[in-house]
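See structure below.
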Amino acid sequence: MLPRHLRLRRREDFEAARQRGRRWHDRVLVLNTLPSGLSHNRFGFVVSRRVGKAAVRNQVKRRLRAAIRVWIPRLAAGYDIVIIARPAASDVSYQELEAVLEKLFGLAGLLVPQNVDAVP
RNA sequence: CAAGUUGGCCGGGCGGUUACGCCCUGGUUAUGCCGGGGUGAGGAAAGUCCGCGCUCCAUAGAGCACGGUGCUGGCUAACUGCCAGGCGGGGUGACCCGACGGAAUAGUGCAACAGAGAGGUAUAUUGCCGGCCUCCUUUGGGAGAGCCGGUGAGGGUGAAACGGCGUGGUAAGAGCACACCGGCAGCCCUGGCGACAGGGCUGGCCAGGCAAACCCCACCGGGAGCAAGGUCAAGCAGGAAUGAGGUACUGCUCGUACCGUUCGAGUUCCGGGUAGACUGCUUGAGGCGGAUGAUAACAUCCGUCCUAGAGAGAUAAUCGCCCAGGGAUCGGCAGCGAUCCUGGACAGAACGCGGCUUAUAGGCCGGCUUGGGCA
RNA sequence: CGGGGCGUGGCGCAGAUUGGCUAGCGUGCUACAAUGGGGUUGUAGAGGUCGUCGGUUCGAGUCCGACCGCCCCGA
């Protein structure tokens, strides 16, 4: 679980990011970003019933949160980020999830050089 | 020892590193940052098939309709649940399975195909028997196409054909009569709270199946659901009072612009209430241990414990070691041993609880049955 | 949390009304005929665990129960 202020918590924020934000695709994940004007990023995860039963969906979300934590220090700040899991995400290892996130963040231009200080 | 049957239990462990929800708490430059401690999924949390608590709404009483349940007794807050028993069926057996009220006397309906006939005190294809007729004849009788009548015993159809078997009886036969057996109904006796069981007498000879077909009978059921419901309450609109000014440039005066003085600006107050926040929210028909009562389900009493409460929704990610388990190779007659590889089922709380159903790698303990071996 | 619908040849649908003879229709598929060839047309044919498992019944696509999958609605 992420600290509360780093999470997207309102339905409107999710809708805004998905409808007005930019979008990048992969076989296992879809990434939506929308500038928020805040000094930090906020994250939301969407795992629908098509991915699996409740236990599987929870595991996918937990892995995504853990993987996100790795990349938070290297991301540009000020975005609402929604990550949508596609059905293939249920049979992909944690290492692959991390790699897919790196690829998508790279495509989105969110990765910044590592010597820049991270946002709290 | 093997096969089976049944009841109960567990459902990976330990330790690093990096993190999270909730509760308590410390520091500080205080709504932020840095800490400390506690606690944190299941036997099914699942499916949502029943039942109950709880909350709101409705509600004189009774009946009808609709839906559900359906052997008996008990348990329970209640149940389509559980326990004990009865009856029927399956199995060598332990044991398992059963929507298990009513079909003659409440009524209606259904049964394809086949078959002579399918529910009516039914039917006549073949067969059997008698008569008429024809032929033969050793005068006893025999054979035969057809017609009339008797018959339901034999054959045949079907899932199902109106009891079984024997004797008498007859032209041939038939519950036509009788004995026994089976089944049914009524009455009585014995045992049992009861379902029911055992027995006796009488009756008429038998009056079939399907109510998970309509239906009848008995019993039960008001509706909605924690997004229930409660508290606070931006914004927008409304009401009441007051009211001739108010707002911007602008800190003040003047001026200008806009809004307003019948269509009422501004200010104050009011109730309802959306977003949102808080609450409901976890101490409960509670868990564990013991005693007593009961065949048991369970009940009563005593002691002890507090054991998740989120809200885009925590309980994790990853690494190492170990323990079940699986596979391969080698050694050995075998039990087994060594090495390497592999390796963790089903599944995630969302108001709570009691059940049912379904999913589930692997393992542990006990009872019983059958078969075999040894003593 | 509550409610409703669907599942039948490759595809789209009937049959589910009192349970019964061989489960039909359109399209697609195969073969043949007609044409110089193709289309159209005609004739013949193949193709079905009726979602799964159990039960009631002599007999189940149909009745009953449990389960699986898909879709929709309301709070």
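Order of the sequence lines fixes the chain letters, A, B, ..., with proteins taken first and strands second; residue numbering starts at 1 for each chain. All values derive from a computational prediction rather than experimental measurement.
Using atom C1' as the reference point in both B/G209 and B/A161, the two lie 13 Å apart (nearest Å). Distance noted for atom C1' between B/G225 and B/G51: 16 Å (whole Å). On the P atoms, B/C64 is 50 Å away from B/G293, given to the nearest whole Å. Distance check on atom C1': B/A195 versus B/U157 gives 43 Å, rounded to whole Å. On the C1' atoms, B/A224 is 26 Å away from B/A62, given to the nearest whole Å. For B/A234 and B/G272, the C1' atoms lie 16 Å apart once the distance is rounded to whole Å. To the nearest whole angstrom, the two C1' atoms, one in B/U69 and one in B/A211, are 16 Å apart. Taking atom C1' in both B/C75 and B/C97, one finds a spacing of 24 Å when rounded to whole Å.
With its glycosidic angle within 90° of 0, B/G140 adopts the syn conformation. Within 90° of 0 lies the glycosidic angle of B/A41, which makes this nucleotide syn. B/U307 shows a glycosidic angle within 90° of 0 and is accordingly assigned syn. Its glycosidic angle being more than 90° from 0, B/G86 falls on the anti side. Regarding the sugar-base torsion, B/A19 falls in the anti class, its angle being beyond 90° of 0.
Note that CD1 of A/Ile81 is 10.0 Å distant from CG of A/Leu101, once rounded to the nearest 0.5 Å. Note that CZ of A/Arg65 and CD1 of A/Ile83 are 11.0 Å apart. Values are rounded to the nearest 0.5 Å. Between the CG atom in A/Leu64 and the CD1 atom in A/Ile84 there is a gap of 11.5 Å [rounded to 0.5 Å]. The structure places CG of A/Asn58 at 12.5 Å from CZ of A/Arg63, a figure rounded to the nearest 0.5 Å.
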Donor-acceptor contacts under 3.5 Å from residues 22-32 of chain A side chains, at least two apart:
residue : atom : partner  : partner atom : Å
A/Arg23 : NE   : A/Asn32  : OD1          : 3.4
A/Arg23 : NH2  : A/Arg18  : O            : 3.2
A/Asp26 : OD1  : A/Lys103 : NZ           : 2.4
A/Asp26 : OD2  : A/Val28  : N            : 3.0

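Comparing A/Ala54 and A/Val46, the nucleotide of RNA chain B nearest to each residue sits closer to the 5' end for A/Val46.
In this structure, A/Arg65 does not reach the B/U18 phosphate: none of its side-chain N or O atoms is under 4.0 Å from OP1 or OP2.
To the nearest angstrom, C1' of B/A19 lies 14 Å from CD of A/Glu98. When the C1' atom of B/A46 is taken as reference, atom CZ of A/Arg57 falls 12 Å away, rounded to whole Å. At whole-Å resolution of the value, CZ in A/Arg42 and P in B/A312 are 12 Å apart. Rounded to whole Å, atom C1' of B/G21 lies 14 Å from atom CG of A/Asn58. In this structure, the CD1 atom of A/Ile83 is 13 Å from the C1' atom of B/A312, given to the nearest Å. Distance CZ (A/Phe45) to C1' (B/C20): 13 Å, rounded to an integer number of Å. For A/Ile84 and B/A312, the CD1 to C1' distance is 13 Å, given to the nearest whole Å.
Pair check for B/C14 finds B/G320; Watson-Crick or G-U wobble, both atom distances under 3.5 Å. Searching all strands for a Watson-Crick or G-U wobble partner of B/G366 with both distances below 3.5 Å returns B/U6. If you check B/G332 for Watson-Crick or wobble pairing at under 3.5 angstrom, you find it has no partner at all. In this structure, B/G43 forms no base pair with any nucleotide, since neither Watson-Crick nor G-U wobble geometry is met with both distances under 3.5 Å. Pairing for B/G260 is absent, with no Watson-Crick or G-U wobble pair whose two atom distances lie under 3.5 Å. The nucleotide B/G243 finds no pairing partner, because no Watson-Crick or G-U wobble arrangement with both distances shorter than 3.5 Å includes it. B/G35 is paired with B/U25 under the criterion used here, namely a Watson-Crick or G-U wobble arrangement in which both key atom distances are under 3.5 Å. As the counterpart of B/C298, B/G293 is assigned, both hydrogen-bonding distances of the Watson-Crick or G-U wobble pattern falling under 3.5 Å.
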Identify all pairs in which a protein N or O lies below 3.5 Å from an N or O of nucleotides 66-70 of chain C, and state each distance.
none

I'd like a table of atom pairs between the protein and nucleotides 316-318 of chain B - only N or O on both sides, under 3.5 Å - with the distance next to each one.
residue : atom : partner : partner atom : Å
B/A316  : O3'  : A/Arg62 : NE           : 3.2

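By the rule that hydrophobic residues join a cluster once side-chain heavy atoms approach within less than 4.5 Å of another member, A/Leu107 and A/Phe43 end up as members of one cluster.
Residues passing the side-chain hydrogen bond (donor to acceptor under 3.5 Å, both in side chains) test with A/Glu102: none are found, sequence neighbours excluded. Take A/Gln59 and apply the side-chain hydrogen bond (donor to acceptor under 3.5 Å, both in side chains) test, not counting sequence neighbours, and it matches no residue.
Here the closest non-hydrogen pair linking A/Val47 and A/Ala85 is CG2-CB, 3.9 Å.
Base pairing in RNA chain C gives the following stems of 3 or more Watson-Crick or G-U pairs, range against range and under 3.5 Å: C:1-7 with C:68-74, C:10-13 with C:24-27, C:29-33 with C:41-45, C:51-55 with C:63-67.
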Full working for side chain to side chain contact (heavy atoms under 4.5 Å, CB included) between A/Phe105 and A/Ile68: CA-CA 11 Å; A/Phe105 285 142; A/Ile68 270 288; 3.8 Å; yes
